[in-house]
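In what follows, every chain begins at residue 1, and chains take the letters A, B, ... in the order their sequences are listed.
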Amino acid sequence: MSQTFQNIKGTFDILPDPYTDDGGTRIAPSAEWRYVEGTIRDVMERYNFDEIRTPILEPTELVARGVGEATDIVQKEMFAFERSDTQYVLRPEITAPVVRSYLQHHLDQRGGVQKLFYIGPCFRAEQPQKGRYRQFHQFGVEVLGTSDARADAETVAVMMAIYDELGIEDMRLRMNTLGTPDRRDEYVQALRDYLEPYTEELSETSVRRLERNPLRVLDSKLDHEQEILQDAPQLIDYVSDESRAHYDRVQQLLSDLGVAYVEDPYLVRGLDYYTETTFELESPDLGAQSALAGGGRYDRLAEVLGSDEPVPAIGFAAGMERLFLALDAAEVERPGLPEPDVFIAALGEEAEQWVFRTTQDLRSSGLHVALDLKGRSLKAQMREANRQNADYTLIIGGNELEAEEATVKEMEGGEQEDIPFAELSTYLLDKCRPDRA
RNA sequence: GUGGGCGUAGCUCAGUCGGUUAGAGCGCCAGGUUGUGGUCCUGGAGGCCGUGGGUUCAAAUCCCACCGCUCACCCCA
């Protein structure tokens, strides 16, 4: 290999053409990213979400609080650094930044409920492995300023709509409620009491979790632990009547919308500011990395971030890389490179000059026009036109300049006709872009 | 941090009981009469065989070290 630079480990370049990275993952071409992002934006717009863009750089403290001091993310998996006594972090997720922005700019004063969506890169410092990058890309929404069950339902609905719109069908939506922190404490106590006698049989991980983050024990993937958990107390039996009613309402709304889901009492989140509804979307096609998106209510986060007033809120976050895996698995058709309407081939210096100028004119009129920039032979220019899949190729040489007519070749069939220079743009627009003609 | 795998052309990969000038397919470039693409034919460019050291008459091939990449474990917003 040569001595040039390499991209940072765990990052990847998005190129005009698709390729396979060293880990064997297909990296989608830029046109596909554009298409997918465009579709996400379209659906978001239809659901009346407004875009928010926050900096990639945030104060470390914001993320530490927003994600939870005790979590591994904050402990060791963030890109954090110091400069002139300020602690910076490359954001590992976008919920805390959005809430920060909401509070900072008093977005509640825009009136009504704030329905925001975002899409952009995030960072983790963890060891990269297959499909898990240090720079990855997320999209999601945050609905701030209401605890109404309809906000929960709309959040789930817009998430589902995006995957539907993109043509991903094999999905499973799991839902649960966490209730409120006070009731959860009671539940955690009950869970601890229940698991106490089994301590010997639990894995190291689970014992550690039982200490630090007891709800996550429910996440265990070990069969024998799942057996133990079979008869464990259920969170749902501990939540308040209000929480229960909220959850029922959310479920009813989703059913009304025709959104299918399964209840999963073991779907949990560890931190206190997560409340009430929680959900996760997974695709069985993806094996181990099946989670496409997840979210839930975080009615206490704003206060954790310093707000005097609580800001009830719910959102979801989803990974772009995962989404592409799902699109690949589902063999969903995506657009390729944009192809030129017209390639203009020039023969000789005089023609080159005319072509260069005319190219600009045709572009101004709305056509996608390509030309040779290397002074190559006509044959090479034709080859190039073919490679780029141009619909038409114009051939301009001495004869054409003399007659003031372009030789216009329709590439698929190969027929040629002469079109007077004066009529060129009308002719081509009519053929290639009837909507703009 | 721990364990495994892999580094040969732009890409995918052959080639290792050590032995002429290191190969294929694809891609790229150029020709196959004057100014015409795709298919076909011909030719060409492009490699410090990851780096450094060692063994040997001789190393892509054997040995050692290093570097890089990668997968898995841990963890997962």
- Query: Once each nucleotide of nucleotides 29-38 of chain B is scored for protein heavy atoms under 4.0 Å, what B/S/- sequence comes out, 5' to 3'?
  - Reply: SS-B--BBBB

- When you match A/P128 and A/A317 each to their closest nucleotide on RNA chain B, which lands nearer the 5' end?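 Nearer the 5' end of the strand: A/P128.
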
- Nearest-nucleotide wise, let me know which of A/I8 and A/Q127 is further upstream toward the 5' end of RNA chain B.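 On the 5' side of the pair lies A/Q127.
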
- Item | Secondary-structure stems, RNA chain B, at least 3 Watson-Crick or G-U base pairs under 3.5 Å |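 The stems that RNA chain B takes part in, listed by first number, are B:1-7 with B:67-73, B:10-13 with B:23-26, B:28-32 with B:40-44, B:50-54 with B:62-66.
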
The criterion is side chain to side chain contact (heavy atoms under 4.5 Å, CB included); which residues satisfy it with [X], sequence neighbours excluded?
X: A/V311; answer: A/Y102, A/L103, A/L144, A/A302, A/S307
X: A/A326; answer: A/I168, A/L286, A/L292
X: A/P59; answer: A/L62

- Task: Determine whether any donor atom in the side chain of A/R132 lies under 3.5 Å from an acceptor atom in the base of B/C75, or the reverse, and answer yes or no.
- Result: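 Yes.
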
- Query: When you compare B/C64 with B/C28, how far apart are their C1' atoms, in angstrom units rounded to a whole number?
  - Reply: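 Rounded to whole Å, the distance is 40 Å.
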
- Item | Pairing residues for A/D21 by the salt bridge (charged side-chain N to carboxylate O under 4.0 Å, His left out) criterion, not counting sequence neighbours |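 So A/D21 forms no salt bridge (charged side-chain N to carboxylate O under 4.0 Å, His left out) with any residue.
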
- Query: Can you find a heavy atom in the side chain of A/P29 that is under 4.5 Å from one in the side chain of A/D17?
  - Reply: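 In short, these two side chains do not touch, never coming nearer than 4.5 Å.
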
- Message: Rounded to whole Å, how long is the line connecting atom NZ of A/K130 with atom P of B/G5?
- Response: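 Distance check: A/K130 NZ to B/G5 P gives 19 Å.
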
- Using a cut-off of 4.0 Å on non-hydrogen atoms, how would the nucleic acid contact of A/Q381 be classed: base, sugar-phosphate, or nothing?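 Nothing, no heavy atom under 4.0 Å.
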
